[in-house]
Participant: 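Provided herewith is a single structure, encoded as structure tokens, for subsequent inquiry.
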There are 2 protein chains.
Amino acid sequence: MRLEDLGERRVLERVHALLGKPGVSGFDDDCFVSRDGLAVSIDSGPLDELSENAFEAGRKTIALNASDLCSTGVKPEYFFLSLSLPAKKEFAWVKRFFKGAQLEAGLAGGRIAGGDLNEGATYSIAGVGFTEKPLLRRNCRAGDRMVCSGTVGGAAAARLAKQRKVFRGCPAEFKHALDLPDPGYAFCRRAWRKARAGMDVSDGLAFTLHELARLSRVKVVVEELPVPRRLPAFCERHGWDLVEAATRFGEDYCCVFSGPFKDGFARVEKGKGVFLEKGGELIPLQKEGWEAFIG
Amino acid sequence: MRLEDLGERRVLERVHALLGKPGVSGFDDDCFVSRDGLAVSIDSGPLDELSENAFEAGRKTIALNASDLCSTGVKPEYFFLSLSLPAKKEFAWVKRFFKGAQLEAGLAGGRIAGGDLNEGATYSIAGVGFTEKPLLRRNCRAGDRMVCSGTVGGAAAARLAKQRKVFRGCPAEFKHALDLPDPGYAFCRRAWRKARAGMDVSDGLAFTLHELARLSRVKVVVEELPVPRRLPAFCERHGWDLVEAATRFGEDYCCVFSGPFKDGFARVEKGKGVFLEKGGELIPLQKEGWEAFIG
């Protein structure tokens with residue numbers, strides 16, 4: 001059985017079953033939380049997935065890690081950043097990368113506390129913080145409403161525009177979403193007060209909502225997709241499906257929280273599944289999101 | 001200025017100068033220690049540097065990270081393990097890898113608490129623990145003696161033997177040192193009681209001792225190299241320099257501690273530099289060790 005036959009999530013499931021459960025967080029939570037409240041999130045990937053701009057790439061490396069901590073209700077304290085780089089790389093690039101990373105770490109509420117260098121072309125990031133009240137994915141309750149710390153679909157639109165060579169006509173806010181994602185730190189900090197569950201949308205909103213629904217054993221009804229203002233017109237112009245662009249890609253790195261909020265883009269009910277409410281009707285929202293090995 | 005012009009250590013120095021100092025550990029310590037005693041060590045590298053045997057590769061990934069924590073006086077609590085793997089890789093390989101990692105994590109006193117999967121061919125590992133008394137590299141004092149939690153030179157001998165195609169005649173203990181390094185956890189835990197400074201020997205004993213001497217502003221005199229019993233004869237047979245094999249390579253991943261020990265392989269004096277005592281004479285020990293980008 002090869003990894004491509006299983007896909008990232010089934011591989012992780014099997015690895016997790018092998019290792020047992022060491023903390024209060026489930027293995028479905030991207031952020032580990034120990035019984036003492038230590039919270040750690042790690043991410044790694046190829047450097048060429050980030051922005052070509054070194055400063056933006058540094059910022060994104062921190063942002064994509066911080067979003068997992070923030071969605072769990074954790075203020076990041078320390079980031080540890082490992083880079084594998086070609087020996088021919090200019091030091092000036094590394095300097096700009098770390099300056100970007102340092103800026104983003106500060107915005108997230110923490111700082112870069114260590115790192116490692118090696119040869120190659122990958123990044124690896126560990127974010128550490130503490131929490132007394134982890135917002136786990138299994139904690140949504142019927143009656144909750146869901147809020148999102150940003151918009152979804154912008155990064156997907158920019159990526160699609162790049163692939164189809166119409167990147168120049170793409171609004172700056174979409175390019176920005178792809179190269180410089182904003183987890184919405186200030187929004188998250190306010191949301192933590194009421195939230196009881198959270199998850200970031202790095203693999204697409206559809207996957208996020210299906211995971212929250214599955215783990216909390218609830219039904220989620222999306223009343224209005226939290227898309228950027230200009231996305232519907234942009235999708236229509238290019239013949240792209242708005243719901244697909246907004247829910248089945250990822251890389252927006254904002255956070256969804258569930259709790260007794262007054263407003264919100266979705267409501268939580270008894271039942272199961274994830275639906276889109278449209279003209280009074282409930283349309284099932286497909287689950288598929290981005291996944292390593294079978295992408 | 002390219003990375004290969006600077007070398008790993010000067011690149012790290014410059015990055016550190018940029019970022020400022022967030023904890024009680026210096027930037028020269030591989031293990032970060034916060035003011036509250038949180039200790040984190042991270043490592044990353046290409047998977048093909050590890051053993052071809054998946055179980056051993058899993059063990060080594062944990063061991064090479066645990067040695068940094070152990071040398072700082074920290075019992076590892078949690079490990080977070082990220083793998084980038086080709087999609088064609090067999091799941092059975094991944095399973096054996098994690099079984100090895102889990103065994104080694106237990107030996108080190110901790111467990112694997114999380115991970116991430118991606119496409120590629122690298123590993124990345126973060127080890128986390130807590131300490132009230134970090135053994136920093138700047139803490140050696142004149143009058144101390146130094147102890148080592150294992151032997152040095154075995155991994156180098158195995159690597160040289162591989163390169164020169166005499167691997168079959170290489171003693172099993174050397175092969176073992178290369179594929180399955182043993183940080184000497186039990187030894188470390190006992191040594192912590194007396195130790196005030198520590199560092200692992202991942203980049204070679206010469207580099208380790210020079211760093212300890214430089215940061216503590218002391219002189220180190222090696223009275224007897226802590227080599228495996230069969231290394232002198234093996235080096236002589238193959239025309240290799242024993243001192244070089246024992247001190248200028250790395251990958252043994254044992255720990256050196258400095259403190260008021262009764263025994264030990266080296267003594268700490270006022271002054272500076274690192275010397276080898278031979279027949280009453282002090283011979284300077286060259287500093288060079290293994291370094292990324294200019295390896």
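Labels below follow one simple rule: chain letters A, B, ... track the order of the sequence lines, proteins then strands, and each chain is numbered from 1.
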Participant: Around atom NZ of K99(A), are there more than 12 heavy atoms of other residues, nucleotides or ligands at under 6.0 Å?
Facilitator: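 No, the 6.0 Å shell around NZ holds no more than 12 heavy atoms from other groups.
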Participant: Less than 4.5 Å to any heavy atom of chain B: does that hold for the side chain of F130(A), its backbone, both, or neither?
Facilitator: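 Only the side chain of F130(A) comes within 4.5 Å of chain B.
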Participant: If you round to the nearest 0.5 Å, how far is OG of S82(A) from OH of Y123(B)?
Facilitator: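 One gets 9.5 Å once the value is rounded to the nearest 0.5 Å.
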Participant: Within this structure, what is the CZ-CZ distance for the pair R14(A) and F98(B), rounded to the nearest 0.5 Å?
Facilitator: 14.0 Å
Participant: Which of residues 38-45 of chain A get closer than 4.5 angstrom to chain B, counting heavy atoms alone?
Facilitator: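 When heavy atoms of chain B are the reference, residues 38-45 of chain A contributes L38(A), V40(A), I42(A), D43(A), S44(A), G45(A) within the under-4.5 Å range.
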Participant: Find out whether V15(B) and F91(A) are in side-chain contact, i.e. whether some heavy atom of one side chain is under 4.5 Å from a heavy atom of the other.
Facilitator: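 A side-chain contact under 4.5 Å exists here.
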Participant: Name all residues meeting the salt bridge (charged side-chain N to carboxylate O under 4.0 Å, His left out) criterion together with R96(B); count only those two or more places apart in sequence or in a different chain, and write none if there are none.
Facilitator: none
Participant: Could you measure the distance from the CG atom of L3(B) to the CG atom of L85(A)? Nearest 0.5 Å is fine.
Facilitator: 6.0 Å
Participant: Report which part of T122(B) has an atom under 4.5 Å of a heavy atom belonging to chain A: side chain, backbone, both, or neither.
Facilitator: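 T122(B) touches chain A through side-chain heavy atoms alone.
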Participant: Taking side chain to side chain contact (heavy atoms under 4.5 Å, CB included) as the test, write out the residues that go with D36(B), two or more places apart.
Facilitator: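 Applying side chain to side chain contact (heavy atoms under 4.5 Å, CB included) to D36(B) gives S34(B).
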Participant: Scan residues 79-95 of chain A for pairs that pass salt bridge (charged side-chain N to carboxylate O under 4.0 Å, His left out), counting only residues two or more places apart or in two chains.
Facilitator: K88(A)-E4(B), E90(A)-R2(B)
